[in-house]
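As structure tokens, the structure follows; a few thoughts come after it.
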2 protein chains.
Amino acid sequence: MRDLLAITKALADENRIRAVALLEGHELCLCQIVEVLGLASSTVSRHMSILHQARLVETRKQGRWAYFRLADEDAPDTVRDAIVWVLAALARDKQGKLDRKELKAVLKMEPEELCRRQGECKC
Amino acid sequence: MRDLLAITKALADENRIRAVALLEGHELCLCQIVEVLGLASSTVSRHMSILHQARLVETRKQGRWAYFRLADEDAPDTVRDAIVWVLAALARDKQGKLDRKELKAVLKMEPEELCRRQGECKC
DNA sequence: TCGACATTTCGACAGATATCGAATTATAGG
DNA sequence: CCTATAATTCGATATCTGTCGAAATGTCGA
């Protein structure tokens, strides 16, 4: 029950669902997700930690960068099915489509350049 | 996105998940769910309302009693898949099994007798 | 019509959660 | 070694949420 609840709670937030949608098919670093969601990096870090604790997202650290990806085939059934369900629901969703569009633009920038840009523009 | 979030939020509470589990295969009236969950009836009513707004649960009123059942085949795909997912996850769960066991005892009482019993024992 | 009663709604309150900015940690490169 | 920087952790705060009991609503039976 605790595992199940961790998953539903992790998915009970709009920005975390958007993050899951962004990760479909890609591995992304934190600053890329920050760019699309438009939240403070500390906030996004927290969100990703919650998704990770629910085992929906895997983490990999490389140098200064933290990379995130969706859990893969060897995750527990409950986790895998949850991801399949969310992605299917989002496939019919408007906000999901908007985010994916913006993500394409963000993906064109190298992570390094992107992080630099975030440092500059304190808008 | 709003629909999807309504579902994940509805499922992001332990007592609401237990309620969904109880409804598998049955239609139950409010006082039966109250008996198993051990919460104030006003609280359970609120929980069922949240599940209903997410379209996970259908409501039927008959006389003084309110009956609840899981959404059926003509619910939206996202709703149906969510129910399937939760029930599958709960099938492997300990608390789910405990609740189902207690439910059997509660189901042996008629709703009418049950409600009377709740009135008497203000423990 | 009146009283009993199952349910819902309302008001209050405690605890959880999302968010930010500041401080901290860890790492790459000069 | 020292600095810049990506990420995380921490402290504060505002909002949301679960819960209860009291009041309101609607329905049955006398």
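By convention in this document, chain letters (A, B, ...) are assigned in the order of the sequence lines, proteins followed by strands, and residues within each chain are numbered from 1.
- Both S49(B) and S42(A) lie close to DNA chain C; mapped to their nearest nucleotides by heavy-atom distance, the more 5′-ward contact belongs to S49(B).
- Rounded to an integer number of Å, the gap from M48(B) CE to dA6(C) P is 18 Å.
- Between the W65(B) side chain and the L30(B) main chain, no donor and acceptor come within less than 3.5 Å of each other.
- Minimum atom distance to the side chain of K61(B) is reached by dT8(C), of the listed dT8(D), dT8(C), dC20(C).
- Separating the CG atom of L5(B) from the C1' atom of dC16(D) is a distance of 14 Å, rounded to the nearest angstrom.
- Taking atom NZ of K9(B) as the reference point, atom C1' of dG18(D) lies 14 Å away to the nearest angstrom.
- The side chain of R16(B) lies closest to dG18(D), out of dG18(D), dT8(C), dA6(D).
- Both I50(A) and S45(B) lie close to DNA chain C; mapped to their nearest nucleotides by heavy-atom distance, the more 5′-ward contact belongs to S45(B).
- Between L11(B) atom CG and dG18(D) atom P there is a gap of 12 Å when expressed in whole angstrom units.
- With a 6.0 Å radius and a threshold of 12 heavy atoms from other residues, nucleotides or ligands, R69(B) has its CZ atom above the threshold.
- Among the nucleotides dC20(C), dT8(D), dT19(D), the one closest to any side-chain atom of L39(A) is dC20(C).
- Protein atom CG of N15(A) is 9 Å distant from nucleotide atom C1' of dA18(C), rounded to whole Å.
- Summarising the geometry, the separation between CZ on R46(B) and P on dG11(C) is reported as 12 Å, rounded to the nearest angstrom.
- Of the candidate nucleotides dT7(C), dT19(D), dA6(D), dT7(C) has the atom nearest to the side chain of A66(B).
- Under a hydrophobic-cluster definition in which Ile, Leu, Val, Met, Phe, Trp and Tyr are linked whenever side-chain heavy atoms come within less than 4.5 Å, directly or via other members, I50(B) and V44(B) are assigned to different clusters.
- Of the candidate nucleotides dC20(D), dA7(D), dT7(C), dA7(D) has the atom lying nearest to any side-chain atom of C31(A).
- Taken from CG in D13(B) to NE2 in H47(B), the straight-line distance is 4.5 Å, to the nearest 0.5 Å.
- Contact check, T43(B) against dC20(D): a side-chain N or O comes under 4.0 Å of OP1 or OP2.
- Note: NE2 (H47(A)) to P (dT8(D)) measures 13 Å, nearest angstrom.
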| request: Evaluate the criterion side chain to side chain contact (heavy atoms under 4.5 Å, CB included) for residue pair N15(A) and T43(A); output intermediate values, then yes/no. | output: CA-CA 10 Å; N15(A) 289 316; T43(A) 302; over 6 Å; no
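- Nucleotide dT8(D) holds its P atom 12 Å from the CD atom of Q53(A), rounded to whole Å.
- Of the candidates dA7(D), dC28(D), dC20(C), dC28(D) carries the atom nearest the R64(B) side chain, counting heavy atoms from C-beta on.
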